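Here is the structure we will look at.
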Amino acid sequence: MPELPEVEVVRRGLQRWVVGRTVGRVAVLHPRAVRRHLAGAADLTARLAGRTVLGACRRGKYLWLPLDSADALVAHLGMSGQLLVRPPEAPDETHLRVRVAFTDGGAELRFVDQRTFGGLALSELPPDGTGPPAVIAHIARDPLDPGFDEAGYVRATRARRTGVKRALLDQTLVSGIGNIYADEGLWRARLHFARPTETLTRGEITRLLTGVREVMHAALDQGGTSFDSLYVDVDGRSGYFDRSLAVYAQAGRPCPRCGTPVRRDPFMNRSSYTCPRCQPRPRRARW
DNA sequence: ACATCCACCTGCTCGC
DNA sequence: TGCGAGCAGGTGGATG
C-alpha cells in the first residue's frame with residue numbers, strides 16, 4: 001500500500017539504477033497496466049523504445065521519468081504495484097505486467113502489480129520541462145515539497161465542507177497521503193478524523209501537517225512502510241516501518257501515548273484507527 | 001463547483 | 001475440506 005514515503009524510496013532506486021540509460025525493447029504483458037495510455041500498448045512501446053531516461057521525479061504518489069523527447073513515462077503503483085530492477089535472466093514474476101529492457105543489456109525495469117490498480121503511461125511534459133506531466137497536472141504538491149503552499153492549504157481546507165480525513169485524502173488539496181499516514185498524522189495532531197474542516201483552526205491544520213511530515217520522515221528513515229511482501233523497493237527489499245505505527249492496524253492495542261485501546265471505525269468502506277482518549281469524537285462529526 | 005460514492009482488481013484470512 | 005464473506009485501498013468517473 002504505497003504512500004509517499006514508499007514511492008520516494010522507489011524514486012531513489014530509479015534515480016540510481018535507471019537514469020542515464022537508453023530504453024531497448026518494451027513488452028506490455030497485461031493491457032490493463034497501460035490503460036491510462038489512451039493511444040494503446042503498441043503506441044507506448046514504440047514511443048518508449050530508443051529514448052534515454054533523463055531523471056526520476058515524484059509528486060505525491062506519482063512517479064515520472066522525463067525522457068529525451070517531450071514526454072515522460074508516468075507510473076502509479078496503485079495498491080499493489082512494484083517497480084523492480086532485475087537482471088534480464090531473472091524469472092518472470094507472477095504478476096509481471098510490463099518489462100522495459102535497456103540497450104546496455106543490463107538490469108531491466110519491471111512493473112509488477114497483483115491487482116493492476118496501478119499502471120504506466122506516456123504523457124507530455126510542460127513546455128518549460130519543469131513540473132509534472134499533463135496527466136497528473138491536477139495532483140497538488142505534497143507536504144515534503146519545498147514549494148508546498150502552507151497558507152494556501154490552510155485556506156483551502158477551511159473552505160471545504162467535509163471531514164478532515166476526507167480532505168487529507170483528497171490528492172487535489174495535498175498529495176501523497178493515504179489511509180496509513182492520514183491516521184498516523186491525525187493521531188500525532190490529536191485530531192479525530194470526523195472533525196469538520198471548517199471548524200479547524202490554523203494552528204490545528206499546521207499541527208496536522210507537522211504530524212504527517214514527522215511520520216513520513218520516520219518512514220523514510222526506515223525505508224518505507226510495509227505490512228507484507230506487496231510493497232518492496234526496486235531491489236525487492238521490503239520496508240519495516242510497520243513496527244512504528246501508533247494506531248494504524250492496531251485495533252485493541254494500547255495507544256503509545258496514554259495506553260487506551262486503539263479503536264477501529266468503518267470509514268468510506270475502509271477503516272479508521274484512533275485513540276478514543278487522545279482523539280475524542282467531535283460533537284458535530286463529518287465522515 | 002463541490003461533495004460523495006463506487007467500480008476496478010486479486011489474494012489472503014476468517015467463520016461456518 | 002470447501003466456500004463465501006470480508007478486507008486490503010488509490011483513483012477517477014459517475015452521480016448527487
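Only a predicted model underlies this, so the values are computations on that prediction, with no experimental measurement involved. First the proteins, then the strands, lettered A, B, ... as listed; each starts at 1. Quick note: numbers below take in every heavy atom, side chains included, and nothing from hydrogens, waters or symmetry partners.
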message = Less than 4.0 angstrom between a side-chain N/O of A:Y273 and OP1 or OP2 of C:dA8, yes or no?
response = yes
Atom pair distance, as rounded to whole Å: NZ in A:K61 and P in C:dT11 = 4 Å
Per A:Q114 side chain, nearest of listed nucleotides B:dT4, B:dT10, C:dC7 = B:dT10
message = Heavy atoms only, 4.0 Å cut-off, all strands: where does A:T162 land among base, sugar-phosphate and nothing?
response = sugar-phosphate
request  = Map A:R270 and A:R161 onto DNA chain B by nearest heavy atom, then report which one ends up closer to the 5' terminus.
outcome  = A:R161
task = Select one nucleotide: of C:dA8, C:dG12, B:dG11, the one nearest the side-chain heavy atoms of A:R36.
result = C:dG12
request  = In whole angstrom, give the distance that lies between atom NE2 of A:H138 and atom P of C:dG13.
outcome  = 8 Å
key: OP1 or OP2 of C:dA8 under 4.0 Å from side-chain N/O of A:S271   = yes
message = Between A:R160 and B:dA3, is there a contact of a side-chain N or O with OP1 or OP2 at under 4.0 Å?
response = yes
Sugar-phosphate only, base, or nothing, as touched by A:H30 at under 4.0 Å among non-hydrogen atoms = nothing
note = With sequence neighbours left out, the residues meeting side-chain contact (heavy atoms from CB on, under 4.5 Å) with A:R158 are A:V154, A:I205
key: N/O (side chain, A:H76) to phosphate O (OP1/OP2, C:dG12) under 4.0 Å   = no
query = Within this structure, what is the CG-to-P distance between A:L169 and B:dC5, rounded to whole angstrom?
reply = 14 Å
For atom CG of A:N179 and atom C1' of C:dC7, their distance in whole Å = 12 Å
request  = Give a yes or no on this: more than 12 heavy atoms of other residues, nucleotides or ligands lie within 6.0 Å of atom CG of A:D104.
outcome  = yes
task = Please evaluate the base of C:dG12 for a donor-acceptor partner in the side chain of A:R35 within a cut-off of under 3.5 Å?
result = no
ask   = Taking only side-chain nitrogens and oxygens of A:Q171, does any of them come within less than 4.0 Å of OP1 or OP2 of C:dT11?
value = yes
Nearest-Å distance for atom pair CZ/C1', residues A:R286 and B:dT4 = 12 Å
task = Please lay out, stage by stage, how A:T199 and A:R195 fare under the test side chain to side chain donor-acceptor pair (under 3.5 Å).
result = CA-CA 7 Å; A:T199 70; A:R195 266 290 293 282; 3.0 Å; yes
Interatomic distance, A:Q250 CD vs C:dA8 P [rounded to whole Å] = 13 Å
request  = Calculate the interatomic distance between A:R264 atom CZ and C:dA8 atom P; express it in whole Å.
outcome  = 5 Å
inquiry  = Whether the A:S69 and A:R47 side chains hold a donor-acceptor pair (N or O, under 3.5 Å, no angle test) is what I'd like checked.
reply    = no
ask   = Heavy atoms under 4.0 Å, any strand shown: does A:F267 hit a base, just sugar-phosphate, or nothing?
value = nothing
key: Rounded distance (Å) that lies between atom C1' of C:dG10 and atom CE of A:M268   = 10 Å
query = Any idea which of B:dC9, C:dT11, C:dG10 is nearest the A:R32 side chain?
reply = B:dC9
message = Does A:E124, at its CD atom, have more than 12 non-hydrogen atoms belonging to other residues, nucleotides or ligands within less than 6.0 Å?
response = no
task = Can you check whether any acceptor in the base of C:dA8 is under 3.5 Å from a donor in the side chain of A:R115, or vice versa?
result = yes
request  = Describe, in one word, how the ring planes of A:F193 and A:F267 are oriented to each other, choosing from parallel (under 30°), tilted (30 to 60°) and perpendicular (over 60°).
outcome  = perpendicular
note = Of the listed C:dG12, C:dG10, B:dT4, the closest approach to the A:M79 side chain comes from C:dG10
